[in-house]
Amino acid sequence: MDKFLTGRKRTFDTSEASTSAPARGVPKIKSRKYSQEYLKFGFTCTEVNEEERPLCVICRKTLAADSMKPNKLKRHLETLHSEYVNKPREFFELKLKTYGNEKAFFKKTLTVNEKALLASYKVSYQIARCKKPHTIGEELILPAAIEIVETMFGDTFAKKLESIPLSNDTVARRIGDMAEDVQHQLRGKLRDKLFSIQLDEATDSNKDAHLIAYVRFSDGISVVEELLFCKPIELKATALALFAVLNDYIIEANMEWKNCVGVCTDGARSMSGRFESI
């Protein structure tokens, strides 16, 4: 489960200027370039939309481009950071260096977190695919992976694996997120396709009844069969109750009954409404 430009002068741009010659007497808009002397006021340079702008190394505030003037930069320092007015240039150079190190640190941290997040999803997918308990990630997979990497590549690489979140609750959330995404993709495919449904009742280990539905449809040149849903049957497993569960899902998924070309199930006549069972 990873995201500047060189500065240039501002130009005066209008729709008319692109099609006709510039009007006489209209002055060109000029922007002052950054000078290293501005660092004594606590300002460095950054770029926003291909435009140089002054950046305060104390409060990290970016000023407008027209503020790139010594008097305005000095006013900012005296007004908002009066305690630093008499500081030497070396003080602001140290602030600038610290700011650069912070940017590099945050960029590095963000990259590592993205890789750890992707690894967490991939491991959670394998746990769900093998139908293993969610605790196996934290209790077995991660410790084993750390020992393998430590043996093969050393402690430096092994420590990076410790940032991968694989707790019981985290794995459960990852699997839920992936299941929701798969269901969203399936619903998107079924909204404008003909499909057939297969229904059946099942009982789990707690003796709770569930209605399982499979859907079959044409995806390109092949016929695909996917699990549509598995819903609990809260009351009696009558034809009306089962149809209500199915109908509620069809409405929720924005699917059209007119696109359903077939229903297959045990007791097809009763479950499809040919005979009511109470």
Side-chain angles (χ1 to χ4, degrees), residues 1-122 155-157 159-165 167 170 173-174 177 180-181 184:
M1 310 161 172
D2 315 8
K3 312 188 182 299
F4 257 81
L5 302 172
T6 56
R8 66 183 184 183
K9 294 183 180 181
R10 295 176 56 190
T11 57
F12 181 73
D13 184 21
T14 62
S15 59
E16 295 181 358
S18 61
T19 57
S20 61
R24 296 180 181 178
V26 178
K28 294 183 179 179
I29 298 178
K30 297 181 180 180
S31 60
R32 188 186 297 265
K33 291 295 184 179
Y34 176 77
S35 173
Q36 291 295 332
E37 294 297 324
Y38 296 162
L39 189 58
K40 65 182 181 181
F41 303 121
F43 278 88
T44 183
C45 179
T46 187
E47 294 182 4
V48 179
N49 297 330
E50 304 179 6
E51 186 178 56
E52 288 188 353
R53 296 189 181 184
L55 171 68
C56 179
V57 298
I58 300 175
C59 64
R60 311 291 195 264
K61 183 178 180 180
T62 302
L63 305 185
D66 57 2
S67 298
M68 192 80 77
K69 299 178 182 179
N71 59 335
K72 292 187 177 181
L73 302 182
K74 184 178 180 180
R75 186 185 308 123
H76 176 90
L77 178 64
E78 294 176 346
T79 303
L80 300 180
H81 313 293
S82 58
E83 66 273 21
Y84 301 115
V85 170
N86 296 322
K87 293 292 184 179
R89 179 189 175 96
E90 290 75 13
F91 171 80
F92 298 110
E93 290 178 350
L94 181 60
K95 284 286 186 179
L96 178 60
K97 184 178 179 180
T98 303
Y99 173 69
N101 292 337
E102 288 178 356
K103 288 180 62 178
F105 172 77
F106 285 127
K107 183 176 180 181
K108 180 179 179 181
T109 303
L110 179 61
T111 304
V112 172
N113 287 341
E114 288 178 350
K115 292 182 178 179
L117 180 63
L118 179 60
S120 177
Y121 272 98
K122 288 186 175 182
D155 297 340
T156 304
F157 294 96
K159 289 181 179 179
K160 294 182 179 181
L161 299 184
E162 296 177 357
S163 62
I164 302 176
S167 66
T170 300
R173 288 197 305 270
R174 301 283 186 263
D177 293 340
E180 184 178 353
D181 181 68
H184 179 73

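Residue indices begin at 1 and follow the sequence shown.
- No more than 12 heavy atoms of other residues, nucleotides or ligands sit less than 6.0 Å from atom NZ of Lys74.
- Here Leu117 contributes atom CG and Lys122 contributes atom NZ; the two are 11.5 Å apart, rounded to the nearest 0.5 Å.
- Among Arg174, Lys115, Arg173, the one residue that satisfies the side chain to side chain donor-acceptor pair (under 3.5 Å) test with Ser120 is Arg174.
- The shortest non-hydrogen separation linking Ala116 to Ser163 is CB-O, 3.6 Å.
- Summarising the geometry, atom OG1 belonging to Thr79 is positioned 8.5 Å from atom CG belonging to Leu77; distances are rounded to the nearest 0.5 Å.
- The distance from the CD1 atom of Ile58 to the NE2 atom of His76 is 7.0 Å, given to the nearest 0.5 Å.
- Other residues, nucleotides and ligands contribute only 12 or fewer heavy atoms inside 6.0 Å of the CG atom of Asn86.
- Between His81 atom NE2 and Lys87 atom NZ the span is 13.5 Å, to the nearest 0.5 Å.
- Closest approach of Pro165 and Thr170 over heavy atoms only: O-CG2, 3.6 Å.
- Atom CZ of Phe43 and atom OG1 of Thr62 lie 9.5 Å apart (nearest 0.5 Å).
- The neighbour count for Glu83 CD, taken as heavy atoms of other residues, nucleotides or ligands under 6.0 Å away, is above 12.
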